[in-house]
Number of protein chains: 2
Amino acid sequence: MFRIGEFAQIAQVSARQLRFYDQLGLLQPAHIDRETGYRYYSIRQLPRLNSILALKELGLTLEQIGPLLKDSISATELRAMLTLKRAEVERSLHEQQAQLRHIESRIAQIDRHGGTEGFDVILKSVEPAPFLSLHCAYADMDEAVRMISLVAEDGARQIKPALRDKLIVVARNDRDDEKLDLEIGFSLTRPSNAAVRLRGDYLLRASELPAVETMATIVRPGTNLESHTSFGAVGTWIEANHYQIAGPCREVFLEPITGPPGFEGALVEIQFPVRQVA
Amino acid sequence: MFRIGEFAQIAQVSARQLRFYDQLGLLQPAHIDRETGYRYYSIRQLPRLNSILALKELGLTLEQIGPLLKDSISATELRAMLTLKRAEVERSLHEQQAQLRHIESRIAQIDRHGGTEGFDVILKSVEPAPFLSLHCAYADMDEAVRMISLVAEDGARQIKPALRDKLIVVARNDRDDEKLDLEIGFSLTRPSNAAVRLRGDYLLRASELPAVETMATIVRPGTNLESHTSFGAVGTWIEANHYQIAGPCREVFLEPITGPPGFEGALVEIQFPVRQVA
DNA sequence: GCTTGACTTTGACGTTGCGTCAAACCCGCA
DNA sequence: TGCGGGTTTGACGCAACGTCAAAGTCAAGC
């Protein structure tokens, strides 16, 4: 019989660990002195302790290990648990690999640009939302910007504040078309079928912004022009982290546009639907 | 300004998380109502929150993130932290891969043998120990077993209990020799140079059992013959888990041999020095 | 103006597997 | 009969929140 310290030394575990396993009922000492409370372990308990340690190595929790030590039904049951555990470890492994890529791409970014700003790409999911928008193609940026201003101002006037949510621009540049194929409009707090007529005879029609499970997003202050560099940043991020673009990009104006035209003070979230590439 | 719930929804985090970040000083609300304690967040705080989330994705702790948010010295500092983190993640990745192999080999084992017994291989390190032993080659198992019995009995008689520790057999089968090249003796609790003479004019000489950093070990009750199946089990384990044998194997008799010859009740720990194979 | 239901506040405990004190005993050796 | 090292129980700490609970607040509908 060994005292807890000796037994701990033999088994290469800490005495605290043995007391803890005792407390959980995983490994009770062969004998406890009634008067002093001293725990005494037999070398015969080493195999049981080793079983615990081996199962722990496999990633099982102590709670899961407990029942497995009763060697009655354990064979099939153990197999089942291990199969589950395998799936879990595989998933976690993929996550870690992704994390490693994130870290490396971020390091590379610092080395290239030195800066640390504007590169906080975040993954999120978005819910579907009713959308009241104008779908049209534009020859150049200036034309598009003018139209966005128009929709922003007239929309703000004509849609009830309680119904109107955020100004959103969806870019459907599927092919490398010369023209900008945009959908400009407001998301709504609740469904509505009413169309809205703007100056110049433009018409906002009701539709729906579909849900997207995974969006790579970045928030940028500033004008549309500058936001184009952000597009590049997100693109780099997406490539470096083994994602690919899976749908039309969105620009969400997080603040109602108040200042003079040009959106100098605007806060814009750029969103790219993405999916992981194997 | 948004209340905590709305802001949480926008940023896809929980309200609890925002309160927690407030508490840590990572992200304090733009305004707090003096009377009610309600937190109000500005959309302008979203970039900061996103920075936090992005850095968290990279695996940094909240404690590490705090200082990085002051954008004064962060660029080089961030790079340094990320380099550290990368090393950490890489190590953890290797560990997980090893764990996955462990799990898979264990599943395969269950499928082959159905059993769950006797396969608790665990890794440990052993300290160097003074050793009093007889080094010799034997033609067959029987001869070796007889000699082990002799050393066990005579050694127990002639070495003081306070000095004598455990009976250990070291097998130096470097080449696939026909003969068993064994070192049979006792480890000692403290160094001693005295040799011990046994019956039949055999002599135990002092030497040292070297330390081994990584030992694959398994504990088996039973005789030497049965223990040979254990050798196979450990071998399988070593291969499946990408280790390789890196030195002479040891058999440690954990209990002083008491019963009749044959070691029926003995408890033996088999130890293989191993190293990881890349 | 009042009711009501959704929201928010602080505070506390739980999670996992022990590490690390602290104060009070205990053991075996000289 | 000391004494130094081991042992006991008990408690707190960790990392980043999730999940109640009780009490107070807000905003919309009547």
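Throughout, protein chains are lettered first and strands after them, A, B, ... in sequence-line order, and every chain is numbered starting at 1. None of these values were measured; they are calculated from a predicted model.
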Next on the checklist: Please check: side-chain N/O of B/Glu77 versus main-chain N/O of B/Leu68, any donor-acceptor pairing under 3.5 Å?
Outcome noted: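 No: the side chain of B/Glu77 does not pair with the backbone of B/Leu68.
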Checklist entry - Distance-only, no hydrogens or angles: does the A/Lys124 side chain make a donor-acceptor pair with backbone N or O of B/Ile10 under 3.5 Å? => result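 Confirmed, A/Lys124 side chain pairs with B/Ile10 backbone.
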Does [X] put a side-chain nitrogen or oxygen below 4.0 Å from OP1 or OP2 of [N]?
X	N	value
B/Lys56	D/dC17	yes
A/Arg39	D/dT7	no
A/Tyr21	C/dC18	yes

Checklist outcome for this item: Per-nucleotide protein contact along nucleotides 22-30 of chain C, 5' to 3', at a 4.0 Å heavy-atom cut-off (B base, S sugar-phosphate only, - neither), is ----BS---
Checklist entry - Of B/Glu63 and A/Glu6, whose closest DNA chain D nucleotide lies nearer the 5' terminus? => result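 The answer here is A/Glu6.
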Checklist entry - Taking the six-membered ring for Trp, are B/His102 and B/Tyr243 parallel (under 30°), tilted (30 to 60°) or perpendicular (over 60°)? => result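 Rings of B/His102 and B/Tyr243: tilted, 30 to 60°.
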Decide, yes or no, whether a salt bridge links [X] with [Y] under the criterion of side-chain N to carboxylate O below 4.0 Å.
X	Y	answer
A/Arg220	A/Asp120	no
A/Lys85	A/Glu88	yes
A/Glu104	A/Arg101	no

Next on the checklist: Based on the rotation axes of five pairs at each end, what angle does the helix from C/dG1-D/dC30 to C/dA30-D/dT1 bend through, to 10°?
Outcome noted: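 Terminal axis comparison yields 30°.
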Checklist entry - Of all of residues 7-19 of chain A, which get a heavy atom below 4.0 angstrom from DNA chain C, listed by number? => result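 Only A/Ser14, A/Arg16, A/Gln17 qualify.
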